[in-house]
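Down below is the structure, laid out as structure tokens.
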Amino acid sequence: MSSRLFVVAGPSGVGKGTLIARARAALPELEVATSATTRPRRPDERDGREYHFLDEAEFARRVEAGEFLEHVSYAGNRYGTLRSEVEQRLRDGGSVVLEIEVAGAREIRRQMPGAVLVFVAPPTMADLEARLRGRRQNTETEVSDRLRIAAEEMRARPEFDHTITNDDVDRAAAELADLMRSAMNAEEHG
Ligand code: ADP
Ligand code: 5GP
């Protein structure tokens, strides 16, 4: 079994979290890196579970200290992948998945050429909007910001190793789990 770093990117609301949760159920050896963010915690979120919630000063301190593998500003907040969530697990021979936006995925590709990059696309932009609204997590302003960013993110799709269209959730989750399993079973190169 090879140690692999997977990146799952794609517009907010496309179903990345849903697909990763299902793929993990099929691949218990896969670990999810918990990102850090300055975004306010939502009522159903727990510090250290969905994210490490940091204030601006603490996030900036950690950037300065080189603790992030990548970090971005997205819709007015900062998000980043902590080295401590990834590097030791990979050294120990584990596989890790990052659920991040497109600019972060690009940065990971630059730093870790062996990473497997997966883009999750919505069947249509109307489906994406319906999912963002249906999740009921974002205000109207947040939804329109996220849709505007999504249109831009869709253009990055050719940079990824794989694209999965999240049409039917069972089918798409099986496709993600299959490609992860194949990558973990393949010889490592790079
Ligand atoms: P992301 O992690 O990409 O922001 P989520 O996993 O939170 O997206 O999914 C956004 C919403 O869309 C959730 O309410 C989820 O239940 C729903 N969803 C996910 N996949 C599908 C699908 N294939 N068909 C319809 N709804 C979906
Ligand atoms: P949300 O606020 O909905 O939790 O996340 C907003 C966006 O930030 C999503 O596209 C999510 O995948 C992305 N994101 C979450 N964590 C990280 C991270 O560590 N790095 C980057 N680059 N993006 C992240």
Side-chain angles (χ1 to χ4, degrees), residues 5-27 30 32-45 49-51 53 69-81 96-110 112 115-183:
L5 179 61
F6 296 101
V7 175
V8 175
S12 176
V14 74
K16 301 181 294 295
T18 304
L19 298 184
I20 289 172
R22 289 181 176 230
R24 264 190 98 201
L27 303 166
L30 185 69
V32 181
T34 305
S35 292
T37 185
T38 61
R39 154 168 93 55
R41 189 174 60 79
R42 298 172 187 145
D44 58 338
E45 292 177 328
R49 189 177 64 186
E50 283 79 7
Y51 285 103
F53 293 95
L69 207 47
E70 61 77 33
H71 59 91
V72 299
S73 289
Y74 172 95
N77 294 298
R78 303 184 83 179
Y79 295 80
T81 306
V96 179
V97 57
L98 312 180
E99 181 196 328
I100 63 180
E101 53 66 75
V102 163
R106 241 179 229 133
E107 180 58 22
I108 295 291
R109 155 123 306 158
R110 207 176 61 75
M112 310 188 89
V116 177
L117 268 61
V118 182
F119 189 89
V120 182
T124 66
M125 293 309 270
D127 288 299
L128 180 67
E129 181 166 356
R131 286 179 199 173
L132 264 176
R133 291 187 193 290
R135 190 169 64 175
R136 298 180 186 284
Q137 256 172 13
N138 302 106
T139 63
E140 194 51 40
T141 317
E142 286 171 348
V143 168
S144 52
D145 280 353
R146 280 160 191 250
L147 288 172
R148 188 176 39 71
I149 298 169
E152 230 167 84
E153 289 184 315
M154 291 297 286
R155 288 204 287 275
R157 181 172 166 164
E159 299 171 38
F160 286 71
D161 299 309
H162 305 273
T163 295
I164 295 178
T165 300
N166 184 14
D167 40 22
D168 175 74
V169 69
D170 292 328
R171 191 208 61 74
E175 188 179 347
L176 180 62
D178 284 350
L179 83 79
M180 287 175 154
R181 194 179 292 108
S182 304

Can you measure from [atom1] ([X]) to [atom2] ([Y]) and round to the nearest 0.5 angstrom?
| X | Y | atom1 | atom2 | value |
| --- | --- | --- | --- | --- |
| D44 | R49 | CG | CZ | 7.5 Å |
| L30 | R24 | CG | CZ | 6.5 Å |
| I164 | K16 | CD1 | NZ | 13.0 Å |
| L117 | D161 | CG | CG | 5.5 Å |
| E70 | R109 | CD | CZ | 14.0 Å |
| D170 | E175 | CG | CD | 13.0 Å |

Between [X] and [Y], what is the shortest heavy-atom contact and its length?
| X | Y | answer |
| --- | --- | --- |
| A183 | V116 | CB-CG2, 4.3 Å |
| V102 | A156 | CG1-CB, 3.3 Å |
| A105 | F160 | CB-CZ, 3.8 Å |
| L98 | A33 | CD2-CB, 3.5 Å |
| V72 | A103 | CG1-CB, 4.1 Å |
| G17 | E99 | CA-OE1, 3.6 Å |

Which of R146, E153, Q137 passes side-chain hydrogen bond (donor to acceptor under 3.5 Å, both in side chains) with S12? It is R146
If you apply the rule side-chain contact (heavy atoms from CB on, under 4.5 Å), what do you find for E107 with V7, and how did you get there? CA-CA 11 Å; E107 180 58 22; V7 175; over 6 Å; no
Evaluate the side-chain proximity of V32 to I20: yes if any heavy-atom separation is below 4.5 Å, no if none is. yes
Return yes if some donor-acceptor pair links the side-chain N/O of [X] with the main-chain N/O of [Y] below 3.5 Å, else return no.
| X | Y | answer |
| --- | --- | --- |
| R171 | T165 | yes |
| R131 | V14 | yes |
| T81 | S35 | no |

Let me have the donor-acceptor pairs involving side chains of residues 118-126, under 3.5 Å, with sequence neighbours excluded, atom names and distances please.
unit_1: T124; atom_1: OG1; unit_2: A126; atom_2: N; d: 3.3
unit_1: T124; atom_1: OG1; unit_2: D127; atom_2: N; d: 3.0
unit_1: T124; atom_1: OG1; unit_2: D127; atom_2: OD2; d: 2.7

Taking only Lys NZ, Arg NE, NH1 and NH2, and the carboxylate oxygens of Asp or Glu, determine whether [X] and [Y] approach each other closer than 4.0 Å.
| X | Y | answer |
| --- | --- | --- |
| R106 | E101 | no |
| E45 | R39 | yes |
| E152 | R148 | no |

- Task: Please lay out, stage by stage, how E140 and R133 fare under the test salt bridge (Lys or Arg N to Asp or Glu O under 4.0 Å).
- Result: CA-CA 8 Å; E140 194 51 40; R133 291 187 193 290; 2.8 Å; yes
